[in-house]
Asks: 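Structure below; questions to follow.
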Amino acid sequence: MLSRRVLITQPIPEPGPTMVAELADTVDANLEHRVLAPGELRARVAGVDAILCLLTDAIDAAVLEAARGCRVVANMAVGYNNIDVPTATRLGIMVTNTPGVLTEATADLTMTLLLGTARRVAEGDRVMRADAFPGWGPLYMLGGDVTGRVLGLVGPGRIATAVARRALGFEMTILYHGLHASPELDALGARSVGFEELLAASDFVSLHVPLTAATKHLINARTLALMKPTAYLINTSRGPVVDESALAAALRSGVIAGAGLDVYEREPRIAPELAACENTLLLPHLGSATHATRAAMSRAAARNLTAVLRGEEPPDLVNPEVLLAPRRGD
Ligand code: GLV
């Protein structure tokens, strides 16, 4: 009989907590709205069978070693760069994520950033709040066009495809770049191109890649210089995909026209030089932040976790190779 001790690392919306409580023998739920410090996390994972965690929890090798015997780490996020997956696999721990349920909300926010950055929405709001509107003028606060322009999607996954569907409503030409062709994007009339061609041809470059060693600082001084001076960079993926100080320099010197960001290199901090740039629209990692989406993510994470507690294969297993290896953590 499997034992069922679960740690939920931070307060999450229903229905996840109820689903977990129905099956677990013991639930240790951190009810404080803060990320557990590394030492606290290591102490609280000792002896648990399952962990439900968030993208702000660093589930590194030390945490996984402290959790030896744990069966599953269920991340309530689609990205799982916060988890040392190779170590989890070595220890026989399943890792799961929540793909699919946040696609539409994140694509909506990508369009929000794209439109808001081009049309200087945050800047305009700042002007109004400061009572600094000098009155309508033919040359006043002009921005970039969206309708009919070229959108370059870096990474051909679900969220990029959902963005492409929206962009078609704005009659945009869609280019994409990825490690493989996407039949879904091809079916929408998007064209697969090389990364540098995409940077040079796009009016909007939107990032939709996971954070890996290969994508860290994919956008840097050299690649920014390949973009048009009238182009905008949009990032709803992970902050470290962009070299933030190179981006700030590019925005200040007119290498590109603007940037719309939802994620940051050293979250929750932001490079002060970037915050000082007027031509940015900066959001605090809100991609999936709608009531219904967060509930769906909670449900998906709990479904993965409870499947493992019942001895079943979880629906969203990111390290299936763990099933082939004998468990080393017990
Ligand atoms: C959000 O950033 C997620 O990965 O779910």
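All ligand and atom numbering here is 1-based and tracks the order in the structure.
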Asks: Would you call the rings of Phe195 and His177 parallel, tilted or perpendicular if under 30° counts as parallel and over 60° as perpendicular?
Replies: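 It falls in the tilted class, 30° to 60°.
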
Asks: Show the atoms of ligand 1 that are less than 4.0 angstrom away from any heavy atom in Gly79.
Replies: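 Contacts of ligand 1 toward Gly79, numbered from 1: 3 (C), 4 (O).
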
Asks: Given the rule that I, L, V, M, F, W and Y join up when any side-chain heavy atoms are under 4.5 Å apart, are Met76 and Val308 in one cluster?
Replies: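 Yes, because Met76 and Val308 connect within a single hydrophobic cluster, where side-chain heavy atoms sit under 4.5 Å apart.
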
Asks: In the protein, which heavy atom is nearest to atom 4 (O) of ligand 1, and how far is it?
Replies: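 Here the nearest protein heavy atom works out to Arg238 NH2, 2.7 Å.
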
Asks: In terms of atom number and element, which parts of ligand 1 are under 4.0 angstrom from non-hydrogen atoms of Leu102?
Replies: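 Within the 4.0 Å cut-off of Leu102, ligand 1 contributes 5 (O).
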
Asks: Check ligand 1 against Leu55 and write out every atom of the ligand that is under 4.0 Å from a heavy-atom position of the residue.
Replies: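 Contacts of ligand 1 toward Leu55, numbered from 1: 1 (C), 2 (O), 3 (C).
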
Asks: Under a 3.5 Å cutoff, is there a donor and acceptor pairing between the side chains of His208 and Ser206?
Replies: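 Ser206 and His208 do have a side-chain donor-acceptor pair below 3.5 Å.
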
Asks: Quick one: pull up CD in Glu184 and CZ in Arg165 and give me the separation to the nearest 0.5 Å.
Replies: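 Between Glu184 CD and Arg165 CZ, I get 10.5 Å after rounding to 0.5 Å.
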
Asks: Can you tell me if His285 contacts ligand 1 (heavy atom of the residue under 4.0 Å from the ligand)?
Replies: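 Contact check His285 vs ligand 1: positive.
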
Asks: Would you mind telling me which of Leu198, Val205, Thr173 makes a side chain to side chain contact (heavy atoms under 4.5 Å, CB included) with Val150?
Replies: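 Going through the options one by one, the only one that passes is Thr173.
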
Asks: May I ask you to check if ligand 1 and Val78 share an N or O to N or O distance below 3.5 Å?
Replies: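 Yes; at least one N/O pair falls below 3.5 Å.
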
